[in-house]
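A, B, ... follow the sequence lines: proteins, then strands. Residue 1 opens every chain.
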Number of protein chains: 2
Amino acid sequence: MEISTIEIEKAATILKLLGDKTRLTMLKMLETHDYCVCEFVEIFKVSQPAISQHVRKLKDAGLVREMRRGQWIIYSMNKDSDVFPFVQSLIHHLPNQDFKLQELEAQGLRISCD
Amino acid sequence: MEISTIEIEKAATILKLLGDKTRLTMLKMLETHDYCVCEFVEIFKVSQPAISQHVRKLKDAGLVREMRRGQWIIYSMNKDSDVFPFVQSLIHHLPNQDFKLQELEAQGLRISCD
DNA sequence: TTAGCGCATAATGATTTACTTATATAATAT
DNA sequence: ATATTATATAAGTAAATCATTATGCGCTAA
């Protein structure tokens with residue numbers, strides 16, 4: 001089976017981006033569900049600007065997409081990114097984070113419907 | 001097929017470590033051959049202390065091993081690390097770097113014999 | 001024993017990072 | 001229109017990062 005390779009320089013950039021617990025967890029969460037900023041704020045217990053800055057970095061790297069839904073902005077995995085196979089195989093090694101979603105729902109804080 | 005998972009926090013630490021072009025390239029090179037510090041110095045065109053600091057980080061994380069051979073210290077991949085499967089699948093996506101070894105040999109600068 | 005080589009460590013400095021608070025923008029609800 | 005909610009951006013700051021130069025230590029060879 002062939003594996004798609006990625007330039008070392010580009011890979012290092014992606015790895016640096018994901019070498020942050022918050023962003024890495026975000027991306028793992030986005031593997032299975034979409035999230036809005038305010039949900040991330042609830043989950044990660046940091047300020048809203050901090051979350052905005054994290055998702056912006058993910059977006060600038062082309063790893064996620066944003067779409068407005070009313071007053072919310074929903075973030076989702078960009079599966080068309082040329083580095084998606086790399087990222088996917090990476091987060092495949094991480095434990096599922098759906099329990100965070102369930103915590104949100106238990107608190108009645110789940111926004112997006114997908 | 002089952003895949004071994006790795007804690008998110010530990011994964012983020014590894015990714016931050018490899019989110020550096022020099023260290024990432026080193027690790028890819030060590031996938032197929034052992035190297036000593038002076039060879040890395042030649043290849044990466046940075047100071048010897050800079051290289052020492054990079055390999056030390058890789059060693060502290062348990063990703064590489066060192067062994068003294070005369071006046072040289074040879075670094076090799078630690079395939080017994082509990083995160084080796086994660087690291088391996090990651091560098092598997094990177095292009096082979098053996099051309100660097102061949103450049104060394106062409107210049108008569110290859111040290112370690114493995 | 002002394003000189004030279006390979007490597008590690010210490011000290012320092014410039015840059016980057018990840019947060020914070022304050023404020024601006026955009027959509028919603030009254 | 002005005003207030004509220006969700007998000008983005010700006011500005012500032014402490015800490016981490018990655019390089020450098022200077023120096024110490026261990027092995028080899030004369």
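Straight-line distance from the CZ atom of A:R69 to the P atom of D:dT7: 12 Å, rounded to whole Å. If you take CD1 of A:I51 and P of D:dT5, they are 20 Å apart, rounded to a whole angstrom. B:R68 has its CZ atom 9 Å from the P atom of C:dC7, to the nearest Å. For A:L18 and C:dT17, the CG to C1' distance is 15 Å, given to the nearest whole Å. When the C1' atom of D:dA6 is taken as reference, atom CD of A:E39 falls 12 Å away, rounded to whole Å. In this entry the distance linking NZ of A:K21 with P of C:dA18 reads 14 Å, nearest Å. What separates NZ of B:K59 from P of C:dC7 is a distance of 13 Å, to the nearest Å. We find that CH2 of A:W72 is positioned 17 Å from P of D:dT4, with the value rounded to whole Å.
Residue A:R56 places no side-chain N or O under 4.0 Å from the OP1 or OP2 atom of D:dA8. A close approach under 4.0 Å does occur between a side-chain nitrogen or oxygen of A:K57 and OP1 or OP2 of C:dA18. Side-chain N/O atoms of A:S47 include one lying less than 4.0 angstrom from OP1 or OP2 on C:dT20. For C:dG6, the OP1/OP2 oxygens have no side-chain nitrogen or oxygen of B:Y75 closer than 4.0 Å. For B:H54, no side-chain nitrogen or oxygen approaches OP1 or OP2 of D:dT17 to under 4.0 Å. Close to D:dC18, at under 4.0 Å from its OP1 or OP2, lies a side-chain N or O of B:R23.
The pair A:K100-A:E103 fails the salt-bridge criterion, with no side-chain N (NZ, NE, NH1 or NH2) lying under 4.0 Å from an Asp/Glu carboxylate O.
Using a 4.0 Å heavy-atom cutoff across all strands shown, A:F40 reaches no nucleic acid atom at all. Backbone-only contact: A:K16 has heavy atoms under 4.0 Å from sugar-phosphate atoms and none from a base.
Between A:Q53 and A:Q71, the one whose closest nucleotide on DNA chain D sits nearer the 5' end is A:Q71. For the pair B:Q48 and A:G70, nearest-nucleotide mapping onto DNA chain C gives the more 5' position to B:Q48.
With no hydrogens or angles considered, no side-chain donor-acceptor pair links B:T32 and B:N96 at under 3.5 Å.
Checking C:dA18, D:dA19, D:dT20 against the side-chain heavy atoms of A:D20 singles out C:dA18 as nearest. Among the nucleotides D:dC27, D:dT7, C:dC7, the one closest to the side chain of B:C36 is C:dC7. Here the nucleotide nearest the side chain of A:V37, chosen from D:dA8, C:dC19, D:dA6, is D:dA8.
Taking the ring centroids of B:F40 and B:Y35, they lie under the 6.0 Å cut-off.
Residue B:A12 comes nearest to A:D20 through the heavy atom pair CB-C, 4.1 Å, listed as atom of the first residue, atom of the second, then distance.
Transitive grouping of hydrophobic side chains (ILVMFWY, heavy atoms separated by less than 4.5 Å) brings B:W72 and B:M67 into a common cluster.
The side-chain heavy atoms of A:H93 and B:T5, taken from C-beta on, include no pair separated by under 4.5 Å.
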